[in-house]
Amino acid sequence: MALEARAKTRSLAGLALGVLALACSIAPSDAAAVRHSRAQKPSHPLPVRQLPYPLFEFPFQISGGQYAPVAWSEIAGWREDDHLAAYKAFRTSCRPIAAQQKPPADPKALGMSLRDPCRIAKGLELSDGVKARAFFEEHFLPLRISRLGEGEGFVTGYYEPIVDGSRTENEVYKVPVYRRPSNLFVRGTTQSSAGLPNKGQVFRKIGRRKLVPYYDRAEIEDGVIAGRGLEICWLKDQTDLLFSQIQGSARVSLDDGSTVRINYDAHNGFPYTPVGRILIERNIIPKDQMSMQKIREWMEQNPNEADELRRQNKSYVFFREVQLSDKDEAVGAQGVPLTPGRSIAVDKSLHVYGTPFFIEGELPIESERSKTPFRRLMIAQDTGSAIVGPARADLYFGAGLDAGKVSGRLRHSARFVILVPKSLDPVARGRKMPVPDERPSETIAKLFPQTDPSKDPSKDPKNAGKPSDVTAATNAKPAMQVTTSSATRPSSAPAVQAAVAEPIPLPEPRPKVEAVSAKPQPRHMRRYRYRR
């Protein structure tokens, strides 16, 4: 038996040595394989996120507006337009633009970007429409623009009235045309300013410090500022003065054969109320038939009612005399002569004077019922208190009765394309904008629900009487729900629901326990015996 035990022990020892040798031979190859796989595995370092984000140059933004790039070939009527006429109007606006040295006080989307194409146009004497079109296509980018959420803009028309007047007051000419009073005060301006803003607060200055609202139309028509030497001339009736104030300028043909040119200089601070809208609301003139000619005819036929209607518009405009001949066109807010059929008035708070706009639509140019295709490149050179919005324009049609008839019946929708200098390419700037962080997974999003803390769902009348399954403190679902039989415990379910809806109370602070002095106890020593 001893010999058999020794034989078994020897065989087991040999087997153990063989296994150990096999393990040692395999281990180096596995370690090498692991090192090789680590060396071959590509490393993809996570992108380093810079906080805060670096300051990038944002694409230009127009308040309350939306825009999208469009190709020149997609603009209806672009190639058929008279670009040479638009180019001449653009060069007229370029005179003050090219001379700019400092940025404007009120920054706008285009800023001073029009200086570069204006300086190029200053040295180009073009006489060909094809070359003029090539100039705009080379230096500008077209963007279709509209009010946010809308597809089209809105256009109206204006003109320069020609009215009869006199330098002296008499039985025929008894309606005064006032210049700006000396006690009219606008914050941020002085009396030496040429043309006060047509928006903003206007006051009447009493003494050195006291400011009160200025007189309204009714008070001025009743003669509150008469006899102070403010009269430029006198007109026949109040209707001529009202339409001159609405248009912002007029040519006064005097009884001695000469002509006086007057232009907008200031207003009394009250908002403009369209008299045409009042006539529509009173069902006097239908909306589809409304025009300035209709308003004038009604006022002439109803002089007593016309006084009351006119005074509903508390706004009143003051003029200044400008030195222009009969052949010169009216001067817009930019300070340059307007071009009939090419100049438009825009929202001064959003747009820059000199900006080209291509306007396309179907307008009643030939007659009241006609839909004449209007596809024309216009230049922003004027403004008005009623012109508000990114795609809103007042088309200038010139002076005289015919121009007044056309402009008086324009209240139509149209499509706008703004021409932006290539230095403000929004697409190129958009490529440099940082990409937002990736959205979290659905699992992570459920763990962190996005709720508005300003809105309490428990106070919503729609949720009244509904059980809440989310606690107010943690926004997490309760861990367990207690279900009982309605027969045995009828009032337990509402109690459980009310407890779940309430926020979890904070733990009470730990009570302070005063230390009690204790006597030291004697230490007992024990002795142990170790046996040997």
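None of the values given here were measured: they were computed from a predicted structure.
Counting only heavy atoms from C-beta outward, the side chains of Pro421 and Leu110 approach each other to under 4.5 Å. At least one side-chain heavy atom of Asn268 sits less than 4.5 Å from a side-chain heavy atom of Ser315. Annotation: side chain of Asp402 is not in contact with side chain of Phe397 (no heavy-atom distance under 4.5 Å).
Ion pair Arg282/Glu308 flagged as a salt bridge, since at least one NZ, NE, NH1 or NH2 atom sits closer than 4.0 Å to an Asp/Glu carboxylate oxygen. Electrostatic pairing of Glu80 and Arg376 does not count as a salt bridge here, judged by no charged N lying under 4.0 Å from a carboxylate O.
Shown here for Val417 and Ile75, the closest heavy-atom pair between the two residues is CG1-CD1, 3.9 Å. Annotation for Ile387 and Ala345: closest pair CG2-O, 3.5 Å, computed over non-hydrogen atoms. For the residue pair Thr92 and Val336, the shortest heavy atom distance occurs at O-CG1, 3.6 Å. Ile225 approaches Pro181 most closely through the heavy-atom pair CD1-CG, 4.5 Å. Annotation for Ser413 and Phe154: closest pair N-CD1, 4.2 Å, computed over non-hydrogen atoms.
Checked against the 6.0 Å centroid criterion, the rings of His412 and Phe374 do not qualify as a close aromatic pair.
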Practice problem: In sequence, state the C-alpha distance, the side-chain angles, and the governing distance for Tyr159 and Val406, and then conclude on side chain to side chain contact (heavy atoms under 4.5 Å, CB included). | Solution: CA-CA 9 Å; Tyr159 72 109; Val406 175; over 6 Å; no

Practice problem: Show the numbers, then the answer: is there a side chain to side chain donor-acceptor pair (under 3.5 Å) between Ser146 and Glu152? | Solution: CA-CA 6 Å; Ser146 62; Glu152 295 183 340; over 6 Å; no

Quiz item: Stepwise, does the side chain to side chain donor-acceptor pair (under 3.5 Å) test hold for Gln245 with Arg217?
Solution: CA-CA 12 Å; Gln245 291 175 330; Arg217 176 177 291 276; 2.7 Å; yes

Exercise. Would you sort out whether Ser253 and Asp164 count as a side chain to side chain donor-acceptor pair (under 3.5 Å), showing the intermediate values?
Key: CA-CA 5 Å; Ser253 299; Asp164 296 331; 4.6 Å; no

Quiz item: For His351 and Phe357, what are the C-alpha separation, side-chain angles and deciding distance, and is it a ring-ring contact (aromatic ring centres under 6.0 Å, His included)?
Solution: CA-CA 11 Å; His351 299 299; Phe357 286 86; 5.0 Å; yes

Exercise. Applying side chain to side chain contact (heavy atoms under 4.5 Å, CB included), run through Val155 and Leu363 and close with a yes or a no.
Key: CA-CA 9 Å; Val155 296; Leu363 306 179; 4.0 Å; yes

Practice problem: List the steps and the verdict of side chain to side chain donor-acceptor pair (under 3.5 Å) for Arg409 and Ser367. | Solution: CA-CA 9 Å; Arg409 53 179 179 249; Ser367 63; over 6 Å; no

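Within the structure, the side chain to side chain donor-acceptor pair (under 3.5 Å) test picks out the following pairs touching residues 329-346 (sequence neighbours left out): Asp81-Arg342, Ser93-Gln334, Glu329-Tyr396, Ser343-Gln381.
Note on ring orientation: taking the six-membered ring where Trp is involved, the planes of Phe135 and Phe90 are tilted (angle from 30° to 60°).
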